[in-house]
Chemist: 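Before we start, here is the structure in question, set down as structure tokens.
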Amino acid sequence: MTERESADGSVGRYVRERWGAPLEKAAARREPIRPEQRPSQPRLVPPREPAEPPIVAPSPPPAIPTPPDPPRAPREIERAGVDLPPADLSSARLLRPMRRPPRSGWRRLVHVLSVGLINPGESPADVRRRDLIMRLNQPLLGCYKIAMLSLKGGVGKTTMTATLGATFSSLRGDRVVAVDANPDRGTLSQKIPLETSATVRNLLCDAQRVRRYTDVRAYTSQGSSRLEVLAGEQDPAVSEAFSEDDYRRTVTLLEHFYNIVLTDCGTGLMHSAMYGVLGVADQLVIVSSGSIDGARSASATMDWLDAHGHEDLVRHSVVVINSVRRAAGGVDLDRVAEHFAARCAAVVRVPFDAHLEEGAEVDLDRLEPATRLALLELAAAVADSFAPASGQA
């Protein structure tokens, strides 16, 4: 017997001797398992009907999104490493806002005496004047044609043509020309210094040789305001031959060189040239005096235009109530202006001015301040209609 077997036998003998009797007694005490104590077989349960789906409670409303964070300051953005666009270098951003110097009254006196150290700013009159100048300087592309009308003579229609044209030409950078289309020996050429004896008839005869502005400039006279005038024929026998076709040819030629063309029309609405004037006009300026017969004649002019298919021109026209006399007498000019305001786009009242009463050459610097302001209002009212014509070639 090996040593391993001897060791195992000794151990087994020791276990039997030490624990054999207690193990046998414990096994004898075990009772057999009764049938009722055996585990029962699982019972088969029939399938149940599917239950109704549970009622799902409505989901809560979506949460209101929180507002985004306020924009960070430029320095915070720079710290975060975000690239910034280059800063705006416009004059409005870089220059400190400064008051405009006054142009009139005690404000200007204080500004001048203090050598510019004290600047009280513009007066309400200066602000209004600047606003009117901005309106009359609205951009204008192409040629804008304005017809000055009146059925009655002696209301200052030719004078209003010259002063309105001078106001435009002195404050705008484009070219302005006034055409004398009065068949009864018009006097428009007398409102500026005469530089040439050429007339509209001469221009039409030489139209084939006109190619540049310097060519057409040889047929016009120019005043200190830069307004140019194309004179009409002084011989009534010749001027009567100025027809609708002649006027259309004249305007077609001038619109290549000028931005604004004013036409001083005659008092005869049935004249042949008048059909050409109304056919190409972009706007009408109807001139009336401050008298009752002058207002009635201006209203009759509008009635005739409405009856002959020019309702749109009347609706966008400007009426000028020109005070050709120093006193209006008993006529209520406010009522007169109210009558025309219901039929046209604007009504402008021009006060009496001794310089205009002279009937000589017009010098804007010699006009009274109230007259200059009224002419600015007239030019601004006319310029308000420049926008539809801006799309012209």
Side-chain angles (χ1 to χ4, degrees), residues 100-105 107-108 122-148 156-179 188 191-193 195 213 217 220-230 254-255 257-264 281-285 287 316-320 322 345-351 353 355-356 361-390 392:
R100 295 176 180 269
R103 299 176 59 90
S104 61
R107 299 168 184 265
R108 184 176 182 275
E122 294 179 298
S123 65
D126 291 339
V127 174
R128 174 166 176 75
R129 183 180 185 277
R130 178 163 52 84
D131 291 342
L132 291 174
I133 293 177
M134 290 180 60
R135 284 172 56 192
L136 70 87
N137 273 291
Q138 296 183 66
L140 175 62
L141 301 178
C143 180
Y144 197 80
K145 296 169 280 293
I146 306 168
M148 312 290 290
K157 175 176 53 62
T158 300
T159 300
M160 288 296 102
T161 303
T163 52
L164 175 60
T167 302
F168 273 129
S169 58
S170 63
L171 296 174
R172 293 180 60 93
D174 40 21
R175 298 168 182 162
V176 183
V177 63
V179 180
L188 181 62
K191 301 301 179 182
I192 62 172
E195 295 179 339
Y213 169 70
R217 179 66 181 84
T220 63
S221 298
Q222 187 179 62
S224 59
S225 64
R226 294 179 50 250
L227 171 67
E228 296 181 39
V229 170
L230 181 59
L254 294 176
E255 65 184 358
F257 308 102
Y258 298 90
N259 296 98
I260 299 177
V261 176
L262 298 98
T263 301
D264 182 19
D282 295 307
Q283 190 173 23
L284 303 181
V285 176
V287 183
H316 295 92
S317 64
V318 177
V319 172
V320 179
N322 182 30
V347 179
V348 179
R349 292 169 57 176
V350 178
D353 194 285
H355 172 57
L356 297 181
E361 300 172 0
V362 174
D363 185 358
L364 295 180
D365 293 333
R366 294 182 56 190
L367 297 177
E368 297 291 336
T371 308
R372 292 291 302 271
L373 182 61
L375 292 175
L376 286 178
E377 293 178 352
L378 174 59
V382 173
D384 288 340
S385 299
F386 282 177
S390 60
Q392 295 179 357

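Each residue takes its place number in the sequence, starting with 1.
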Chemist: Show every donor-acceptor pair shorter than 3.5 Å between a side-chain atom in residues 131-138 and any protein atom, with sequence neighbours excluded, or say none if there are none.
Modeler:
| residue | atom | partner | partner atom | Å |
| --- | --- | --- | --- | --- |
| R135 | NE | D384 | OD1 | 3.4 |
| R135 | NH2 | D384 | OD2 | 2.5 |
| N137 | ND2 | I133 | O | 2.9 |
| N137 | ND2 | L171 | O | 3.4 |
| Q138 | NE2 | R135 | O | 3.0 |
| Q138 | NE2 | A383 | O | 3.0 |
| Q138 | NE2 | D384 | OD1 | 3.3 |

Chemist: Check A178 against T161 and note the closest heavy-atom contact, atom names and distance.
Modeler: CB-CG2, 4.3 Å
Chemist: Test of understanding: with salt bridge (Lys or Arg N to Asp or Glu O under 4.0 Å), list the residues that count as partners of E195, not counting sequence neighbours.
Modeler: R217
Chemist: Calculate, to the nearest 0.5 Å, the distance between atoms CG and CD1 belonging to D174 and I260 respectively.
Modeler: 5.0 Å
Chemist: What pair of heavy atoms forms the shortest contact from V261 to V179, and how long is it?
Modeler: CG1-CG2, 4.0 Å
Chemist: Which residues pass the side chain to side chain donor-acceptor pair (under 3.5 Å) test with D353, not counting sequence neighbours?
Modeler: T371
Chemist: Quick one: do T220 and Y258 satisfy side-chain contact (heavy atoms from CB on, under 4.5 Å)? Show the steps, please.
Modeler: CA-CA 12 Å; T220 63; Y258 298 90; 4.0 Å; yes
Chemist: If we ignore hydrogens and angles and just use 3.5 Å, is the side chain of H355 paired with the main-chain N or O of V362 as donor and acceptor?
Modeler: no
Chemist: Check salt bridge (Lys or Arg N to Asp or Glu O under 4.0 Å) between R226 and all other residues, then give those that pass, not counting sequence neighbours.
Modeler: none
Chemist: Might you work through the side-chain contact (heavy atoms from CB on, under 4.5 Å) test for L262 and L164, ending with a clear yes or no?
Modeler: CA-CA 9 Å; L262 298 98; L164 175 60; 3.7 Å; yes
Chemist: Are R128 and E377 within salt-bridge range, i.e. N to O under 4.0 Å?
Modeler: yes
Chemist: Determine whether a donor-acceptor pair (N or O, by modelled atom type, separation under 3.5 Å) exists between the side chain of T263 and the backbone of A147.
Modeler: no
Chemist: By salt bridge (Lys or Arg N to Asp or Glu O under 4.0 Å), which residues pair with R175, not counting sequence neighbours?
Modeler: none
Chemist: For residues V320 and V285, determine if any side-chain heavy atom of one lies less than 4.5 Å from a side-chain heavy atom of the other.
Modeler: yes
Chemist: Could you tell me whether E255 and K145 have a side-chain N and a carboxylate O separated by less than 4.0 Å?
Modeler: yes
Chemist: If every non-hydrogen atom of T158 is compared with every non-hydrogen atom of L188, which pair is closest and at what distance?
Modeler: CG2-CA, 3.6 Å
Chemist: Parallel, tilted or perpendicular: which fits the ring planes of Y213 and F257, with parallel below 30° and perpendicular above 60°?
Modeler: tilted
Chemist: Which heavy-atom pair separates L364 from S170 by the least distance, and what is that distance?
Modeler: CD1-OG, 3.8 Å
Chemist: By salt bridge (Lys or Arg N to Asp or Glu O under 4.0 Å), which residues pair with R129, not counting sequence neighbours?
Modeler: none
Chemist: Hey, are the side chains of L378 and V318 touching, using non-hydrogen atoms and a 4.5 Å cut-off?
Modeler: yes
Chemist: Work out which heavy atom in S221 is nearest to a heavy atom in P193; give both atom names and the distance.
Modeler: CB-O, 3.6 Å
Chemist: What heavy-atom pair brings M160 and N322 nearest, and what distance separates the two atoms?
Modeler: CE-OD1, 3.9 Å
